[in-house]
Amino acid sequence: MMSVRMASLRVIVVLLCATVAVADAAAGGARVGLTRIHSEPGVTASQFVRDALRRDMHRRARFRRELASSSSAGTVSAPTRKDLPNGGEYIMTLAIGTPPLSYPAIADTGSDLVWTQCAPCGKQCFKQPSPLYNPSSSPTFRVLPCNSSLNLCAAALAGATPPPGCACRYNQTYGTGWTAGVQGMETFTFGSSPADRVRVPGIAFGCSNASSDDWNGSAGLVGLGRGGLSLVSQLAAGMFSYCLTPFQDTNSKSTLLLGPAAALNGTGVWSTPFVPRPSKPPMSTYYYLNLTGISVGTTALSIPPNAFSLRADGTGGLIIDSGTTITSLVDAAYKRVRAAVQSQVKLPVTDGSNATGLDLCFALPSPTSAPPATLPTMTLHFDGADMELPVENYMILDGGMWCLAMRNQTDGELSTLGNYQQQNLHILYDVQKEMLSFAPAKCSTL
């Protein structure tokens with residue numbers, strides 16, 4: 001499952017001459033629907049689980065490659081979630097240019113760059129469901145100046161004065177593919193309905209005219225990471241939130257809220273600060289959290305206090321990620337979670353590794369049997385906040401098996417809080433205040 005060529009993530013930049021104009025990014029509040037990859041009714045729950053776990057394994061390999069490549073001299077990293085076809089977990093629809101042209105894009109908290117395919121593309125573009133955006137047809141398109149703080153060429157310039165009218169052409173490579181183009185500025189339109197629609201001018205983005213592979217029915221990617229180039233950092237409000245519907249609910253759309261609309265109000269809201277991030281990309285784009293402990297019911301597990309510590313060299317730590325499905329925990333913590341769950345379930349343990357890729361599964365009396373309603377809430381203790389996970393957020397039902405929806409990670413590697421554990425939680429990322437907030441919610445009615 002992990003037979004992918006280990007290749008470094010890097011961005012090669014060159015300088016071009018072009019006419020440029022400067023525009024200020026504006027803030028707005030918008031509601032956008034999110035569709036999970038392969039959530040169509042024809043996909044069975046078992047296939048859905050296996051496909052998501054397969055993508056998770058490739059993503060874990062990507063994180064290891066990125067950490068290794070971050071120490072390489074002379075590289076400029078701008079991470080993207082695309083390792084293989086079927087990368088990413090959620091697709092959003094937005095519009096670009098004047099007049100606005102709608103297109104589907106992968107929404108990703110683990111990437112910064114916003115990009116879409118641009119005409120002319122020719123044979124070096126992948127097929128997409130929507131027409132190609134053509135910058136020459138939009139009067140609001142501008143080439144991003146290479147002296148802009150959002151320009152990928154800044155590292156290549158190394159403080160030198162850029163030539164007049166200079167722009168940046170990038171070539172972004174990753175595990176099994178690449179995308180290349182020119183950075184531009186354009187008006188983006190967000191919102192799932194006319195009442196919610198917001199137009200934001202001057203968004204810096206990648207206008208790719210050569211790419212490899214297929215991107216899961218999308219036309220590009222919207223980076224929602226922690227770096228300055230991400231969409232949320234470019235919005236003056238500096239915040240976004242999402243509410244993810246239950247994993248096996250293929251009838252309801254999840255919701256992404258951008259700008260002021262993202263704020264959490266009411267009771268039951270917990271907040272925890274982001275851990276100061278490593279300065280080197282790609283780790284600088286991730287949302288690190290301080291996980292201090294885990295409880296199952298009223299029992300606090302004896303997890304080493306430094307199990308999730310972020311080290312000075314950028315290793316270790318725990319991130320929250322929209323593009324990973326199943327939470328991975330360093331082995332020292334996972335073993336204790338596994339043992340606590342196994343001690344609570346009075347069902348025979350069965351090998352579900354081939355069917356699900358999960359380590360701890362229990363056999364139900366029949367494929368149609370419901371699991372016993374005996375497990376307590378699992379609580380993730382963060383710095384100043386407790387995230388309570390009901391049974392359906394950490395156990396998964398799959399063809400007569402009931403499995404722990406978590407997996408182990410080598411001690412010292414990056415742990416990840418996946419989107420399966422984030423079901424029916426309204427989660428706010430406040431980039432300006434460096435704070436994550438969350439509250440229980442029924443996401444299908446948000």
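Computed over heavy atoms, backbone and side chain alike; hydrogens, waters and symmetry mates excluded.
Proximity of the aromatic rings of Tyr90 and Tyr242 is defined here by a centroid distance below 6.0 angstrom, and this criterion is not met. Ring to ring, Tyr429 and Tyr287 are close: their centroids are under 6.0 angstrom apart.
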Step-by-step side chain to side chain donor-acceptor pair (under 3.5 Å) determination, Arg36 to Thr245: CA-CA 10 Å; Arg36 182 180 276 278; Thr245 56; over 6 Å; no

Residue pair Met283, Ile319: steps toward the side-chain contact (heavy atoms from CB on, under 4.5 Å) verdict: CA-CA 10 Å; Met283 290 83 72; Ile319 65 170; over 6 Å; no

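Although no hydrogens or angles enter the test, the distance criterion places a donor-acceptor pair under 3.5 Å between the side chain of Asp112 and the main chain of Gly227.
For the atom pair CG of Leu318 and OG1 of Thr416, the computed distance is 6.5 Å after rounding to the nearest 0.5 Å.
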Contacts under 3.5 angstrom, residues 270-279 side chains, donor-acceptor by atom type, not counting sequence neighbours:
| from | atom 1 | to | atom 2 | distance (Å) |
| --- | --- | --- | --- | --- |
| Ser271 | OG | Ser437 | OG | 2.6 |
| Thr272 | OG1 | Asp383 | O | 2.7 |
| Arg277 | NH1 | Arg226 | O | 2.7 |
| Arg277 | NH1 | Ser284 | O | 2.8 |

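Leu224 places none of its side-chain heavy atoms less than 4.5 Å from the side chain of Ser322.
Between the side chains of Glu388 and Thr379, not a single donor N or O lies within less than 3.5 Å of an accepting N or O.
Paired with Leu389 under the rule side chain to side chain contact (heavy atoms under 4.5 Å, CB included), one option of Thr327, Ile294, Leu380 passes, and it is Leu380.
Here the shortest heavy-atom pairing between Leu150 and Gln183 reads O-NE2, 3.1 Å.
For the side chain to side chain contact (heavy atoms under 4.5 Å, CB included) test, residues two or more places apart in sequence or in another chain that qualify with Ser137 are Asn134.
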